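Quick note on labels: first sequence line is chain A, next is B, and so on, each numbered from 1. Note that this is a predicted model, so its numbers are computed, not measured.
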Amino acid sequence: MPQPDFFSRVLDLVAHIPYGRVTTYGHLARAVGSAGSARTVGWVLSGATASGLPCHRVVNRFGALSGAQHFPSPTFMEDALRSEGVTFDDEGCVRLDRHLWVPGDDIKPV
DNA sequence: ATGTTGACATTGA
DNA sequence: TTCAATGCCAACA
């Protein structure tokens, strides 16, 4: 499969999310070349929760753990992120200002 | 084959 | 400014 499917592309990016960092669906969608298909990204993660990927580092645009309810334990996501040093605000949302990671930023710094 | 749903994002009024 | 509607891609019934 020379051309990875949408599924593989998203999984690849999620697997490349640095430790203690998070990203959003919109950025992932844009990174795979399908800007606007953020919904499909979430669908992929739904099948990647048990794929051994750090899918818990993917949050929505507001930094809220939208998919926490889809994990084996609803608190696993928040617990995992806190375990990596990720901080949350009073609303329980990840501080994207401190941990937001953009795909390609690590392989292509400014 | 068609319609609906889904861990979202963006634009228009 | 806030609220509502639409778009996107893929899988499921």
Side-chain angles (χ1 to χ4, degrees):
Chain A
M1 55 309 233
Q3 286 281 311
D5 292 334
F6 192 89
F7 192 83
S8 300
R9 288 185 224 184
V10 175
L11 297 182
D12 185 57
L13 286 170
V14 174
H16 286 166
I17 299 176
Y19 180 91
R21 210 91 23 157
V22 296
T23 189
T24 70
Y25 303 96
H27 281 128
L28 285 174
R30 221 168 247 268
V32 300
S34 296
S37 60
R39 284 178 107 169
T40 316
V41 175
W43 159 76
V44 174
L45 297 181
S46 68
T49 36
S51 297
L53 293 166
C55 35
H56 60 265
R57 291 180 189 157
V58 186
V59 295
N60 66 355
R61 199 183 139 25
F62 301 98
L65 285 48
S66 317
Q69 299 299 315
H70 285 246
F71 276 83
S73 293
T75 53
F76 174 80
M77 198 167 180
E78 183 181 322
D79 186 38
L81 290 173
R82 289 201 177 200
S83 183
E84 296 185 357
V86 178
T87 54
F88 292 79
D89 58 10
D90 282 347
E91 296 184 10
C93 301
V94 178
R95 288 206 153 179
L96 300 176
D97 296 342
R98 290 181 158 190
H99 307 288
L100 177 60
W101 172 78
V102 180
D105 187 27
D106 62 333
I107 65 176
K108 184 182 187 171
V110 202

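Below the 3.5 angstrom threshold, one finds no donor paired with an acceptor across the side chain of A/Ser37 and the base of C/dC8. Judged by atom type and distance alone, A/Tyr25 does not reach the base of B/dA9 through any side-chain donor-acceptor pair under 3.5 Å.
Here the C1' atom of nucleotide C/dA10 and the CZ atom of A/Arg39 are 12 Å apart, to the nearest Å. Across the protein-nucleic acid pair, A/His56 atom NE2 and B/dA7 atom C1' stand 14 Å apart, rounded to whole Å. Straight-line distance from the CG atom of A/Leu45 to the C1' atom of C/dA10: 13 Å, rounded to whole Å. One can place NE2 of A/His70 at 4 Å from P of B/dA7, the figure rounded to the nearest angstrom. The distance between atom CZ of A/Phe7 and atom C1' of B/dA7, rounded to the nearest whole Å, is 14 Å. Between the P atom of B/dC8 and the CG atom of A/Leu65 lies a distance of 12 Å, rounded to the nearest Å. The distance between atom CH2 of A/Trp43 and atom C1' of B/dA9, rounded to the nearest whole Å, is 18 Å. If you take CD of A/Glu78 and P of B/dA7, they are 19 Å apart, rounded to a whole angstrom.
For the atom pair CG (A/Leu96) and CZ (A/Phe62), the distance works out to 10.5 Å, reported to the nearest 0.5 Å.
Hydrophobic clustering keeps A/Leu45 apart from A/Leu65 (ILVMFWY residues linked when any side-chain heavy atoms are closer than 4.5 Å, directly or through intermediates).
Spacing between B/dA7 and C/dC3 at atom P, rounded to whole Å, works out to 23 Å. With both ends at atom P, the span from C/dG7 to B/dG3 equals 15 Å, rounded to whole Å.
Pair check for B/dA7 finds none; no Watson-Crick or G-U wobble contact set falls under 3.5 Å. B/dA1 is unpaired under the criterion used here, namely a Watson-Crick or G-U wobble arrangement in which both key atom distances are under 3.5 Å.
Side chain of A/Phe6, nearest nucleotide from C/dA11, B/dC8, C/dC9: C/dC9.
Heavy-atom minimum distance, A/Met77 versus A/Gly67: SD-C, 4.1 Å. Listed here is the closest heavy atom pair of A/Leu13 and A/Pro103: CD2-CB, 3.9 Å.
Comparing A/Thr40 and A/Arg61 against DNA chain B, the residue whose closest nucleotide sits nearer the 5' end is A/Thr40.
The shortest distance between side-chain heavy atoms of A/His56 and A/Glu84 falls below 4.5 Å.
Between A/Arg30 and B/dA9 there is no side-chain polar atom (N or O) within less than 4.0 angstrom of OP1 or OP2.
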